[in-house]
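Heads up, the thing below is written out as structure tokens.
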Amino acid sequence: QVQLVESGGALVQPGGSLRLSCAASGNIFSINAMGWFRQAPGKQRDLVATITSCGLTNYADAVRGRFTISTDVAKNTVYLQMNDLKPEDTAVYYCQAVLRNMRGGALRNYWGQGTQVTVSS
């Protein structure tokens, strides 16, 4: 089993900053990529940012320039630094990991339980 545990969600005022963390643990041989997605009420889950094991990053247009994704490989942890937050950033943020449980095993996709980010004055 693999567990992804997110933290850092909170209520913040517009223009504020938050840092989300997600630690992966359990039966992990290697991590191919990690990322953050978000889902607002009544909407689909959308990509926010991803980062590969080589450090390549990808951002949604709506957050590029405001959010930064990074990893601590030794800790199997991914971070999302969110600056200049806007009310439209309000959502449940989910961590994702694409990884192998064993050498030569198939890539598998895992999700965290989500953490609420609310941007409001």
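Because the structure is a prediction, the values reported are computed rather than measured.
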Discussion item. Between T77 and K75 (side chain of the first, backbone of the second, donor and acceptor by atom type, cut-off under 3.5 Å), is there such a pair?
Written reply: yes
Fill in: Nearest heavy atoms of S120 and P14, plus distance in Å
C-CD, 3.6 Å
Discussion item. Under the criterion side-chain contact (heavy atoms from CB on, under 4.5 Å), I'd like the reasoning laid out for L85 against V12: C-alpha separation, chi angles, the key distance, then a yes or no.
Written reply: CA-CA 8 Å; L85 282 161; V12 63; 3.6 Å; yes
Response to the item:
dist T68:OG1 -> N83:CG (nearest 0.5 Å) comes out at 6.5 Å
Worksheet, complete the sentence: d(Q81 CD, L18 CG) to nearest 0.5 Å is 8.5 Å
Worksheet item: Side chains of Q1 and N27: is there a donor and an acceptor less than 3.5 Å apart?
Response: no
Worksheet entry | Pairwise distance OG1(T71) to OH(Y79) - rounded to 0.5 angstrom | 9.0 Å
Item to complete: Could you walk me through whether W111 and C95 pass side-chain contact (heavy atoms from CB on, under 4.5 Å), step by step?
Response: CA-CA 6 Å; W111 292 92; C95 172; over 6 Å; no
Worksheet, complete the sentence: On a heavy-atom basis, the closest approach of A49 and L80 is CB-CD1, 4.3 Å
Worksheet item: Can you tell which of I31, V98, N101 makes a side chain to side chain contact (heavy atoms under 4.5 Å, CB included) with L107?
Response: V98
Worksheet item: Could you go step by step and tell me if L20 and V117 meet the side-chain contact (heavy atoms from CB on, under 4.5 Å) rule?
Response: CA-CA 9 Å; L20 305 183; V117 172; 4.1 Å; yes
Practice prompt. If a pair satisfies side-chain hydrogen bond (donor to acceptor under 3.5 Å, both in side chains) and one of its residues is in residues 51-63, list it, with sequence neighbours excluded.
Written response: D61-R64
Discussion item. Quick check: do I51 and L56 have side-chain heavy atoms less than 4.5 Å from each other?
Written reply: no
Discussion item. For F67 and Y93, take the angle between the two ring planes, folded into 0 to 90°, and tell me which bin it lands in: parallel under 30, tilted 30 to 60, perpendicular over 60.
Written reply: tilted
Item to complete: List the atom of A91, the atom of Q116, and the distance in Å for their closest heavy-atom pair.
Response: O-NE2, 3.4 Å
Worksheet item: Which atoms form the tightest heavy-atom contact between S7 and T115, and what is the distance?
Response: C-OG1, 4.5 Å
Discussion item. Before you tell me yes or no, could you show the steps for F37 and Q96 under side-chain contact (heavy atoms from CB on, under 4.5 Å), namely the whole-Å CA-CA distance, both residues' side-chain angles and the distance that decides it to 0.1 Å?
Written reply: CA-CA 7 Å; F37 290 70; Q96 180 204 47; 3.3 Å; yes
Worksheet item: How far apart are the closest heavy atoms of Y94 and G112, and which atoms are they?
Response: CD2-O, 3.7 Å
Worksheet item: Can you list every pair that meets salt bridge (charged side-chain N to carboxylate O under 4.0 Å, His left out) and has a residue in residues 89-103, with sequence neighbours left out?
Response: R38-D89, R66-D89
Worksheet item: So, for G114 and E6, which heavy atoms are closest and what is the spacing to 0.1 Å?
Response: N-OE1, 2.6 Å
Worksheet entry | Spacing of Q3 atom CD and C22 atom SG [to the nearest 0.5 Å] | 11.0 Å
Practice prompt. Could you state whether V2 and M34 fall into the same hydrophobic cluster, counting links through intermediate Ile, Leu, Val, Met, Phe, Trp or Tyr residues with side-chain heavy atoms under 4.5 angstrom apart?
Written response: yes
Discussion item. What's the separation between atom CG in D84 and atom OG in S17, rounded to the nearest 0.5 Å?
Written reply: 8.0 Å
